[in-house]
Every structure is written in C-alpha cells, then in structure tokens.
Amino acid sequence: MSEDVHLKSSVGVIGAGIQGVCISLCLIKKGFKVTLIDRDDPGKDSASYGNAGHFSSYASVPINRPDILADIPSMLLSSTGPLSLKWNYVPKMIPWFLKFIKNCSRKNMMHTAKYMHQILDLSLLAYDELFEDIDVSGLVESKGIMYFWTNENLKSRELENNIRNELGVKQQLLTPHEIHDLEPHIKKIYHGGVLYPNARHTRNPGKILLKLFDLFIKKGGCFEKQNVQTISFSSDNKPVVKTDLKFYTFEKTVIACGAFSKKLTDQVNEKIPLDTERGYHVHFKGHDYLLSRPVIFLNRGFGITPMEQGLRVVGTVEFGGLNNPPSKKRILNLVNNAKYLFPELKEYQDEWLGFRPSLPDFLPVIGPSKNHKNLFYSFGHHHLGWTLGAISGKIVAGIIAKENTNLDLSPYNSSRFS
Ligand SMILES: Cc1cc2nc3c(=O)[nH]c(=O)nc-3n(C[C@H](O)[C@H](O)[C@H](O)COP(=O)(O)OP(=O)(O)OC[C@H]3O[C@@H](n4cnc5c(N)ncnc54)[C@H](O)[C@@H]3O)c2cc1C
C-alpha cells in the first residue's frame with residue numbers, strides 16, 4: 001500500500017490501554033489518520049496502569065497445562081495462595097472453565113507456548129523501537145526477573161524449565177546462596193530459584209503509557225474521551241462507532257478494550273469467550289530500596305516490583321467478572337505475603353483491582369474480525385499484555401497497512417473460536 005493511501009485512511013482505535021496506545025502510535029507512524037477513543041483518561045486505573053511492570057519476554061509457558069488441574073483444589077483452599085472465586089460469578093464462567101480444561105492437554109499447552117514465544121521473543125525489540133522517541137531513563141531497568149520457591153513446589157518448575165530450554169529461552173537456575181546475593185533483604189525461606197536475565201521491568205507503567213500517548217498526540221493523533229456504546233456498519237462496510245455523545249465513521253476500526261472488549265465483539269456476532277482474571281496491587285511507599293528487581297514467590301503466587309510508588313505487591317487470580325466489588329481478603333492476602341518476605345514492612349497504601357483480559361487457550365486475539373473486513377482486534381493478552389503492547393501494536397498496524405510478515409498470525413485469529 002502506498003503512503004498516499006495511508007494518508008487518506010482514517011482508523012478509530014477503541015481503548016487507550018497499552019494495546020490501544022501502541023497500536024495508535026504504530027499506525028500514525030505509517031501515515032494513518034488515527035482517532036483514539038477511551039471512556040477515561042489514557043491508562044487511568046486500567047490494567048495497563050496497575051500491573052507488575054514486568055517485560056516478561058521469557059514467559060511462554062502458559063497457565064493451561066496438564067499439571068494445573070491437580071493443583072487447583074489445594075490452591076483454592078489455601079489462605080496464602082493466589083487463586084480465588086467470587087461464587088456468584090461461577091455459573092457465568094462455567095463455559096470458560098470447560099474450554100480452559102480442554103486446553104490443558106500437553107498438545108494444546110505446547111501450541112500456546114510456541115505461539116506465545118513467537119511474539120514474546122520480539123516484544124523487547126518492538127519496545128526498543130518505540131522507546132527511541134521517548135525518554136525512558138530511570139523508568140526501564142534491565143536487571144532480569146527472579147522467581148524463587150521452597151522444596152514443596154518443585155514438580156511444576158521442572159516442566160517449565162524444560163519447555164523454556166526447548167524454546168531457547170535464557171534462564172539461570174539459582175541456589176539459595178545466589179538468591180541471597182542477588183536480593184539480600186528477602187527472608188531466607190527459599191530453597192531454589194531462577195533468574196530470567198533478559199527480562200526487564202518498568203518503575204512506572206502508567207508513566208510510560210502516558211509518554212507513548214503524548215508522542216501519539218505530538219505526531220498529530222486525536223484523542224476523544226468518550227464511552228463507546230455500539231459498533232455497526234455503513235452500507236459500504238465502514239465501521240460506525242457510536243459513543244454516548246457522537247457517531248464516528250472510520251475506514252477501519254480496532255477494538256482494544258482489554259477485558260471489556262467482549263461487549264463490543266458480541267455486537268458484531270463473534271462468540272469470543274473473553275473473560276477476566278482479576279488481580280490486585282498495594283504499595284509500600286518508600287520501601288523500593290529493599291529490592292533491585294521484580295521477584296515472584298511461586299509457592300504463594302505473588303510478586304513484588306520495586307517502583308517509583310514504593311514496593312508494588314501484585315497478585316491473585318480471582319474469577320469474579322467485571323462488576324463484583326474488590327475483595328478485602330485478597331488485599332490482606334497480598335499484604336500478609338509481603339510481610340512474610342519482608343517483616344520490616346508495616347503500613348501499606350493504594351488498594352487497586354485490575355482486570356486481566358483472558359481467553360481459555362491463553363493466546364491473545366490479534367488480527368481481523370471474522371465477519372467484518374474493516375474491523376480488527378487486539379485484546380486477550382492475559383498476564384502478558386504489558387509485555388506484548390509494542391509488538392501487538394506493530395503487528396496490528398502491519399496488518400492494516402497490508403504489509404507482508406514472516407510471522408504465522410493464524411493462531412491469534414478470532415475464527416479459532418467458531
Ligand atoms: C495485577 C496485574 C498484574 C499484571 N502484571 C503484568 C506484568 O507484570 N507484565 C505484563 O506483561 N502484563 C501484566 N498484566 C497484564 C496486563 O496489565 C494486561 O494484559 C494489559 O494491561 C492489557 O492491556 P489492554 O490495553 O488490552 O487493556 P487495558 O489496560 O484494560 O485498557 C483497556 C482500555 O479500554 C477502555 N475501554 C473499555 N471499554 C471501553 C468502551 N466501551 N469505550 C471506551 N473505552 C473503553 C478502558 O477504559 C481502558 O483504558 C497484569 C495485570 C494485572 C491485573
């Protein structure tokens with residue numbers, strides 16, 4: 001496609017989380033006229049603001065794996081563990097759970113691992129390209145990400161390590177002594193660990209998102225703070241986006257509303273089984289000096305990242321939909337777990353609940369709509385949507401610009417659910 005045609009094409013992007021902002025920026029760099037729409041200020045309170053800030057390029061082993069099914073009952077019963085349910089939502093989630101169980105075979109796990117690896121492997125390079133134009137000094141650190149565990153939790157580690165070795169992911173197994181050398185402030189409760197040396201983290205995801213957004217505006221992008229109600233199509237197949245206040249007709253439209261995307265995809269007759277894994281964070285202000293890099297304590301399934309806001313303690317997979325109130329118990333679970341590792345922690349601040357957009361096969365939906373040639377999707381990046389922001393932006397912009405790619409994009413297509 002020539003530059004001239006791009007200049008004439010208008011694209012509406014719905015959702016200004018990390019997906020929507022990266023897509024908008026990549027499109028505007030290619031000469032498209034882009035309008036980004038969000039019901040809120042960019043990144044405010046969304047998953048893209050409150051996440052753990054990991055750029056987890058190594059994390060290709062999915063949650064849908066054969067050994068998880070046996071672990072679920074004990075995880076649900078544990079008061080220190082990561083998993084919880086809002087019982088009023090369980091009936092609504094049964095179809096999702098059934099699809100999830102189907103995807104826990106070794107074959108399906110390896111399919112997800114292969115195609116997550118395909119995009120995770122390119123994720124850091126894609127961010128480097130976007131970071132060329134903004135100042136991220138002091139905001140992105142390359143010190144790796146460390147996991148550790150006790151002897152109770154060794155079985156599933158072997159499976160992960162073997163798959164990562166197969167995929168060529170760089171990992172360094174750690175002795176307790178090495179863990180202590182890397183992070184001397186953590187209480188010595190661990191028996192082993194692993195460092196992913198190529199992983200990075202940000203000290204403030206919200207700030208990076210805003211810098212990318214500001215660059216988009218500087219390059220001529222338009223932002224509309226409006227709530228999108230419906231998507232329909234004109235007689236010549238152009239998407240018509242109706243907000244609370246206005247109608248917009250674009251040549252092309254991208255839905256990038258994270259866990260909230262299903263409301264819009266249902267309207268265009270796609271049966272995409274998107275749901276949410278709710279997660280929480282709290283901050284211990286002024287204590288970020290206790291860690292040099294993000295750490296994850298696998299037995300209790302939570303992580304801590306040193307951030308500008310202090311130590312950000314992040315975790316929980318709570319199945320409870322988009323409308324249930326936050327659970328105080330989950331917040332206390334995080335607080336107690338953090339104090340277990342760092343007994344000097346006292347008061348915490350900023351209780352936050354966020355929505356991971358998750359599909360039962362743990363692959364995102366990236367690409368064109370099954371039913372409408374001018375409608376595109378980028379959502380469902382579950383625990384890895386922050387890591388995959390820039391690469392998804394690059395892929396979606398490439399598809400809309402009709403560029404050739406060496407990547408096999410078919411596994412991310414929404415038609416896999418038909
Ligand atoms: C606790 C937690 C920790 C995490 N940690 C990490 C991590 O360390 N690394 C990692 O890679 N990933 C992490 N994730 C996952 C990651 O945060 C998400 O996958 C990612 O942020 C999703 O980005 P998104 O742009 O798709 O959605 P969101 O960030 O949710 O943005 C969606 C946007 O769409 C807007 N919107 C929704 N509906 C409408 C509508 N009808 N009209 C207008 N606007 C609308 C919303 O206002 C929002 O701004 C974590 C998630 C959680 C919850």
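Both counts, for ligands and for their atoms, begin at 1 and track the order of listing. Note that the coordinates shown come from a computational prediction; the quantities given were computed from them, not determined experimentally.
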*Asks:* Run down the list C257, G15, A259, S46 and name the one with the heavy atom closest to atom 32 (C) of ligand 1.
*Replies:*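 Minimum heavy-atom distance to atom 32 (C) of ligand 1 goes to C257.
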*Asks:* Does an N or O anywhere in W352 fall below 3.5 Å from an N or O of ligand 1?
*Replies:*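 Checking ligand 1 against W352, no N or O pair falls under 3.5 Å apart.
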*Asks:* Could you work out, for atom 50 (C) of ligand 1, the closest of T305, N51, T316, L120 by heavy-atom distance?
*Replies:*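 Looking at heavy atoms only, the winner is N51.
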*Asks:* For Y289, I'd like to know if atom OH has over 12 heavy atoms of other residues, nucleotides or ligands within 6.0 Å.
*Replies:*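 Result for OH/Y289: enclosed.
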*Asks:* Give yes or no for whether the N/O distance cutoff of 3.5 Å, strictly under, is met between R356 and ligand 1.
*Replies:*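 N/O-N/O distance under 3.5 Å: no.
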*Asks:* Could you check whether N324 and N88, counting side-chain N and O atoms only, form a donor-acceptor pair closer than 3.5 Å?
*Replies:*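 Yes, because at least one side-chain N or O of N88 sits under 3.5 Å from a partner of the opposite role on N324.
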*Asks:* Where on P357 is there a heavy atom closer than 4.0 Å to ligand 1, on the side chain, on the backbone, on both, or on neither?
*Replies:*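 The answer is the side chain.
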*Asks:* Check the surroundings of atom NZ in K187: do more than 12 heavy atoms from other residues, nucleotides or ligands lie under 6.0 Å from it?
*Replies:*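 Result for NZ/K187: enclosed.
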*Asks:* What protein heavy atom sits nearest atom 9 (N) of ligand 1, and how far away is it?
*Replies:*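 Among all protein heavy atoms, the one nearest atom 9 (N) of ligand 1 is H54 O, 3.0 Å.
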*Asks:* Passes side chain to side chain donor-acceptor pair (under 3.5 Å), E160 versus Y147? Steps please.
*Replies:* CA-CA 12 Å; E160 285 184 12; Y147 288 55; over 6 Å; no
*Asks:* Closer than 4.0 Å to some heavy atom of T387 - which atoms of ligand 1 meet that?
*Replies:*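 Per the distance check, 9 (N), 10 (C), 11 (O).
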*Asks:* How close does the nearest protein non-hydrogen atom get to atom 27 (O) of ligand 1, and which residue and atom is it?
*Replies:*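 Ranked first by proximity to atom 27 (O) of ligand 1 is G258 CA, 3.4 Å.
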*Asks:* Give me the residue, atom name and distance of the protein heavy atom closest to atom 42 (N) of ligand 1.
*Replies:*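 Looking at atom 42 (N) of ligand 1, the protein heavy atom closest to it is V228 N, 2.9 Å.
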*Asks:* Taking both backbone and side-chain atoms of G315, is any N or O found less than 3.5 Å from an N or O belonging to ligand 1?
*Replies:*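 There is no such contact.
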*Asks:* Checking a contact table here: which protein heavy atom is nearest atom 31 (O) of ligand 1, and how many Å away?
*Replies:*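 Among all protein heavy atoms, the one nearest atom 31 (O) of ligand 1 is G17 CA, 3.4 Å.
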*Asks:* I'd like to check which ligand 1 atoms, numbered from 1 as shown, lie under 4.0 Å from a non-hydrogen atom of N227.
*Replies:*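 Every atom of ligand 1 under 4.0 Å from some heavy atom of N227: 40 (C), 41 (N), 42 (N).
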*Asks:* Would H281 count as a contact of ligand 1 if the rule is a heavy atom under 4.0 Å away?
*Replies:*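 Heavy atoms of H281 never come under 4.0 Å of ligand 1.
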*Asks:* Counting from 1, what ligand 1 atoms have a heavy atom of Q19 closer than 4.0 Å?
*Replies:*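 Ligand 1 atoms under the 4.0 Å threshold to Q19: 24 (P), 25 (O), 26 (O).
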*Asks:* I need the nearest protein heavy-atom contact for atom 47 (O) of ligand 1: residue, atom name and distance, please.
*Replies:*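 I find the closest protein heavy atom is D38 OD1, 2.7 Å.
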*Asks:* Please verify the inter-ring angle class for F55 with F131; under 30° counts as parallel, over 60° as perpendicular, anything in between as tilted.
*Replies:*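 F55 vs F131 ring planes: perpendicular.
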*Asks:* Taking it one step at a time, do F97 and F319 satisfy ring pair (Phe, Tyr, Trp, His ring centres under 6.0 Å)?
*Replies:* CA-CA 10 Å; F97 285 132; F319 294 105; 5.1 Å; yes
*Asks:* Among V314, I14, T243, whose heavy atom sits nearest atom 3 (C) of ligand 1?
*Replies:*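 The residue whose heavy atom sits nearest atom 3 (C) of ligand 1 is V314.
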*Asks:* Taking 4.0 Å as the limit for heavy-atom contacts, which would you say applies to E277 with ligand 1: side chain only, backbone only, both, or neither?
*Replies:*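 Neither part.
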*Asks:* Does any N or O atom in S378 lie less than 3.5 angstrom from one in ligand 1, N or O only?
*Replies:*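 Looking only at distances, the answer is no, because the N/O contact criterion of under 3.5 Å is not met.
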*Asks:* So is Q226 touching ligand 1 or not, going by heavy atoms under 4.0 Å?
*Replies:*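 Under 4.0 Å: yes for Q226.
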*Asks:* What protein heavy atom is closest to atom 16 (C) of ligand 1, reported as residue, atom name and distance in Å?
*Replies:*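 Answer, as residue, atom name and distance: W386 N, 3.7 Å.
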*Asks:* Please confirm whether F342 and H287 have ring centers closer than 6.0 angstrom.
*Replies:*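 No.
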*Asks:* Report yes if some N/O of R39 lies less than 3.5 Å from some N/O of ligand 1; otherwise report no.
*Replies:*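 The answer is yes, given that R39 and ligand 1 share an N or O pair closer than 3.5 Å.
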*Asks:* Does a side-chain N-to-carboxylate-O contact under 4.0 Å join D133 and K29?
*Replies:*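 Between K29 and D133 there is a salt bridge, with a charged N closer than 4.0 Å to a carboxylate O.
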*Asks:* My understanding is that only residues two or more places apart in sequence, or in another chain, count here; which of them pass salt bridge (charged side-chain N to carboxylate O under 4.0 Å, His left out) with D236?
*Replies:*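 Only K238 meet the salt bridge (charged side-chain N to carboxylate O under 4.0 Å, His left out) criterion with D236.
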*Asks:* So, using side-chain contact (heavy atoms from CB on, under 4.5 Å) as the criterion, who are the partners of D214 when residues are at least two apart?
*Replies:*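 Checked D214 against side-chain contact (heavy atoms from CB on, under 4.5 Å); zero matches.
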*Asks:* Which protein heavy atom lies closest to atom 21 (O) of ligand 1, and at what distance to 0.1 Å?
*Replies:*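 Ranking protein heavy atoms by distance from atom 21 (O) of ligand 1, first comes S48 OG, 2.9 Å.
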*Asks:* Only heavy atoms of F260, strictly under 4.0 Å: list the atoms of ligand 1 that pass.
*Replies:*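 Result: 37 (C), 38 (N).
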*Asks:* Is G53 close enough to touch ligand 1? Criterion: a residue heavy atom under 4.0 Å from a ligand atom.
*Replies:*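 Checking ligand 1 against G53, which is what was asked, there is a heavy-atom contact under 4.0 Å.
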*Asks:* Name the orientation class of the two ring planes belonging to F362 and H383 (parallel below 30°, tilted from 30 to 60°, perpendicular beyond 60°).
*Replies:*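 F362 vs H383 ring planes: tilted.
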*Asks:* Using a distance-only test with no angle check, is there a side-chain donor-acceptor pair under 3.5 angstrom linking D361 and Y115?
*Replies:*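 No donor-acceptor contact under 3.5 Å links the two side chains.
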*Asks:* Would you call the rings of F100 and W96 parallel, tilted or perpendicular if under 30° counts as parallel and over 60° as perpendicular?
*Replies:*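 Correct class here is parallel.
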*Asks:* Check whether Y49 forms a cation-pi arrangement with R312 (NZ or CZ under 6.0 Å from the six-membered ring centre, at most 45° off the ring normal).
*Replies:*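 Positive - R312 is close enough to the ring of Y49 and near enough to its axis.
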*Asks:* In the protein, which heavy atom is nearest to atom 12 (N) of ligand 1, and how far is it?
*Replies:*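 Minimum-distance protein heavy atom for atom 12 (N) of ligand 1 reads H383 O, 2.8 Å.
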*Asks:* Can you confirm, on distance only, whether ligand 1 has an N/O atom lying under 3.5 Å from any N/O atom belonging to G385?
*Replies:*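 Yes.
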*Asks:* Is the charged tip of R39 near the ring of F260: under 6.0 Å from the six-membered ring centre and within 45° of its axis?
*Replies:*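 That pair qualifies as a cation-pi contact.
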*Asks:* Any atoms of ligand 1 less than 4.0 Å from a non-hydrogen atom of L384? List them with their elements.
*Replies:*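 Those qualifying, in numeric order: 10 (C), 11 (O), 12 (N).
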*Asks:* Would you please say whether a donor-acceptor pair under 3.5 Å links the side chains of E183 and Y190?
*Replies:*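 There is no such pair (donor and acceptor under 3.5 Å, judged by atom type) between the side chains of E183 and Y190.
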